[in-house]
Amino acid sequence: MKLPDLFIPFRTLYARLTLWVMLTVIVVFTIITLIVTYLSSTAVLEGSTENAQSRMEIANQHINSVLVAVEVAVENSVPEVESKLDNPDDMYRVVTRLLELNPNIIGSTVAFEPYYYPSKGEQFSPYAYRDIDSTVHVKQLGTADYEYHYMDWYLIPKLLKKNYWSEPYFDHGGGEQMMTTYSHPLYDANGRIYAVMTADVSLEWLTDLLRNSDIDFNMKALDGAIRGDAAADAETEVDSAFLYNHAYTYIIGKGGTYIAHPLHERILNDTYFTYSMESGDSLNNLIGYEMIDGKSGMRAIVRDGTKFVINYAPIERTGWSMATVIPYKLIIFRSILFGGFIIFVMLLGLVVLFFVCRRVLKRVTKPLTLFAQSADSIAQGNLNASLPQIKTHDEMKRLHDSFALMQTSLTEQMEELKRVNEQKGRIEGELKVASDIQMSMLPKIFPPYPDRKDIDIYGCLTPAKAVGGDLYDFYIRNDQLFFCIGDVSGKGVPASLVMAVSRSLFRIVSTHVNKPDRIMSQMNEALADQNDSSMFVTLFVGSYNLKTGLLEYCNGGHDAPLLVNVKEKRAELLPCVSNLPVGVMPGWEFEMQEAMISSDTLIFMYTDGLPEAENVNQEQFTESRMFEVADQLLEEKEVTPELLIERMSDAVRHFVGDAEQSDDLTMLAIKRRLC
């Protein structure tokens, strides 16, 4: 018998239904088994994973409560520092008061920038600290032997421009204890750093906190003889063998150095990787890297043949990470027997259910075999194939009627589909021709005047649909550059027709009329006449003297152009009187404006498709992002119209991402050059 023959019974519908029913039941039974196993093994499951995570959260909260209290205390002292800047010696009272009000802080200083107080010399850092008897003393921290400006606690927050918790260290010759330092940079009204305020916090309580938590965890995780052993071991000195039979917790710093560990000799002397490299489990090193990266998770590893489960999570605000290591036997010890019994009962029920489902489903789905033969005939093109007779009045009868209706309508739909495809092809072809005609009406060769050295122009138009309603145009007559940019209300074919008319009107009218306001008025009268569709055009028309730099312009409800002054490195909007859009009201008096534009300034015009471009979150590009692009561009050695439009296009494309273009986008940039 061939191997595929074994699977022939599962090619039938009733067999597949049986299979899916059984798979569903297996999943449900598995979930039920897990739930029952979980509920019945409270001592193990609650005493391991959940207990460990809860214990870590409590320890994390305790640690963070201490650190947050220190941060708040330092923040509250900043106004006092600022109020006493005129009296540098008062800083000793500030740091002394900080220690008196906060018992968690064992040292504090306000370390000023070099020569901040000329009378105090290069280094001035009033420092208050507690001795072994908790008596507060003060001294000048900076000396010739201790130049604090080069210390990590001073340099790192200054360079990062943010608050910083240092790596734990052992304070030799001072508090003789493990501590960490919180650094808070201070800035003046101009945003310049003038000092770093610190708070030293003792970490001696960390090891005791974790040890007490581990003792409680091990007592709850085990019972019977094992529990008795754990209780006895908890009262003795911890050694390496203890780590293979009991759960324990440790904390590592940003570089992997142990900050807290049951084996005291490892604290600040060894790193996580000192021992993980000896393990044959590659996940051991991975856990260390993930803890350093601030990630959380749970992984199983093997050390010397013993399997462990490690829960780890970052400690907020510090960059440290905490982990609880649990021997795997503590988790599964009591659930094995009960789980095996549940699985046996489940398998027995599945066997019975399989044969019942197979027999019932085979009988129910038998009529579908007849329909399969008819469907094969129809699929081969015989739309008039005969259908089996169904005597029942259930879903099979409805299926028979549906097949009959399908045969009747399928032929009609096939013919209709052919006609629709033919019409769609003609429409798409016509739209392509219309788009080509529309684009051919606009200037598209750049530079447009290669023989002239006094002008540089670049423009582009991207319609939202096959055809659009945006337009721009320009030409030179008697050293006078006439140009326009506009946006027709609406989109698609109607807008493209009005766009074509508007562009033609601009060329015709501006040939005989020099002033932009008169050009706008005559175009308004022509478009407003018999405007039954109530469409209008926002339009900006300008006349630019290429010799003097005088710009005469008239704005008809369009966005104001952006002036980018390369020499002064400044970007601003050209002052514009709004006026009404062209085609809204016949007889409207358009107001003309003038401005002198230097040869170092680019005139950047655009339609509302630029500031109103939307991303997938329906956020708009806005004018502020236009100014950001312009400001970045001013750092370039030479700014050309083409470069300006390319940068603006890239910014819009990056902002919009995968969102569909919502409006036509047109940009035109002009720069006059001195010959």
Side-chain angles (χ1 to χ4, degrees), residues 63-64 66-78 81-82 91 94-95 98-99 102 104-116 122-129 140-175 177-188 190-203 206 251-260 267-269 271-273 288-295 314-322:
I63 295 170
N64 277 289
V66 174
L67 302 183
V68 170
V70 172
E71 294 179 5
V72 172
V74 173
E75 290 283 350
N76 293 338
S77 299
V78 171
V81 172
E82 295 174 344
M91 298 300 166
V94 173
V95 293
L98 178 61
L99 264 65
N102 299 275
N104 290 326
I105 301 177
I106 61 175
S108 176
T109 184
V110 181
F112 288 89
E113 283 281 89
Y115 299 106
Y116 185 80
E122 178 181 6
Q123 302 188 77
F124 181 63
S125 179
Y127 178 61
Y129 62 96
Q140 159 63 15
L141 185 63
T143 64
D145 296 329
Y146 187 77
E147 298 184 7
Y148 63 81
H149 295 119
Y150 303 103
M151 298 300 169
D152 290 348
W153 59 264
Y154 188 90
L155 276 178
I156 293 179
K158 179 179 178 181
L159 294 175
L160 297 180
K161 297 182 179 181
K162 65 179 183 180
N163 303 335
Y164 172 73
W165 281 99
S166 73
E167 280 285 87
Y169 59 92
F170 193 85
D171 184 28
H172 293 284
Q177 57 184 313
M178 186 171 65
M179 63 177 61
T180 182
T181 298
Y182 173 68
S183 301
H184 179 80
L186 306 179
Y187 300 90
D188 58 20
N190 296 322
R192 293 190 296 268
I193 188 171
Y194 66 86
V196 173
M197 189 172 187
T198 70
D200 300 331
V201 182
S202 173
L203 296 179
L206 264 183
I251 297 177
I252 63 173
K254 302 172 186 176
T257 303
Y258 286 113
I259 299 172
I267 299 176
L268 296 183
N269 294 321
T271 70
Y272 178 91
F273 302 101
Y289 289 119
E290 289 190 345
M291 291 177 68
I292 293 175
D293 289 340
K295 298 179 180 179
I315 298 178
E316 300 174 6
R317 324 180 79 85
T318 62
W320 308 342
S321 186
M322 179 188 302

Distance check, rounded to the nearest 0.5 Å: Asp200 atom CG versus Thr181 atom OG1? 4.0 Å
How about Met178 and Ile267: do any of their side-chain heavy atoms sit closer than 4.5 Å? yes
Show your working on side-chain hydrogen bond (donor to acceptor under 3.5 Å, both in side chains) between Thr109 and Ser125 and close with a plain yes or no. CA-CA 6 Å; Thr109 184; Ser125 179; 2.5 Å; yes
Donor-acceptor contact below 3.5 Å, side chain Ser202 vs main chain Met179: no
Please determine which of Ile63, Ile259, Ile252 meets the side-chain contact (heavy atoms from CB on, under 4.5 Å) test together with Ile315. Ile63
Donor-acceptor pair, side chain of Ser321 and main chain of Ile292, under 3.5 angstrom: no
Heavy-atom donor-acceptor pair, Gln140 side chain to Gly142 backbone, under 3.5 Å: yes
Once you round to the nearest 0.5 Å, how far does OH of Tyr187 lie from OH of Tyr194? 11.0 Å
His184 vs Val70, test: side chain to side chain contact (heavy atoms under 4.5 Å, CB included). Steps then yes/no. CA-CA 11 Å; His184 179 80; Val70 172; over 6 Å; no
Ring pair (Phe, Tyr, Trp, His ring centres under 6.0 Å) test vs Phe112 passes for just one of Tyr127, Tyr154, Phe124, Tyr148, namely Phe124
Rounded to the nearest 0.5 Å, the OG atom of Ser166 sits from the CH2 atom of Trp153 at a distance of 10.5 Å
Validation row: Tyr182, Tyr164 side chains within 4.5 angstrom (heavy atoms): no
Chi angles and distances behind the side chain to side chain contact (heavy atoms under 4.5 Å, CB included) call for Val201, Trp165: CA-CA 10 Å; Val201 182; Trp165 281 99; 4.0 Å; yes
Given Glu122 and Glu147, is the side chain to side chain contact (heavy atoms under 4.5 Å, CB included) satisfied, shown in steps? CA-CA 9 Å; Glu122 178 181 6; Glu147 298 184 7; 5.6 Å; no
Shortest non-hydrogen contact from Ser183 toward Val196: CB-CG1, 3.8 Å
Please check if the side chain of Asp293 supplies one atom and the backbone of Lys295 the other of a donor-acceptor pair under 3.5 Å. no
Out of curiosity, Leu203 CG to Leu268 CG, how far, rounded to the nearest 0.5 Å? 8.5 Å
Find out whether Asp152 and Tyr169 are in side-chain contact, i.e. whether some heavy atom of one side chain is under 4.5 Å from a heavy atom of the other. no
Quick check: does any side chain N or O of Glu167 sit under 3.5 Å from a backbone N or O of Lys254, one acting as donor and the other as acceptor? yes
Between Gln123 and Thr143, is there a donor-acceptor pair closer than 3.5 Å when you use the side chain of the first and the backbone of the second? yes
Write down the atom of Ser108, the atom of Leu99, and the distance for their closest heavy-atom approach. CB-CD1, 3.5 Å
Determine the minimum heavy-atom distance between Leu186 and Val110, stating which atoms define it. CD1-CG1, 4.4 Å
Nearest 0.5 Å please: distance from the NZ atom of Lys158 over to the CD atom of Glu113. 3.5 Å
Identify the heavy atoms of Ala73 and Asn102 that sit nearest to each other, and give their distance. CB-OD1, 3.3 Å
Rounded distance (nearest 0.5 Å) linking atom CG of Asn163 with atom CD1 of Ile156: 13.0 Å
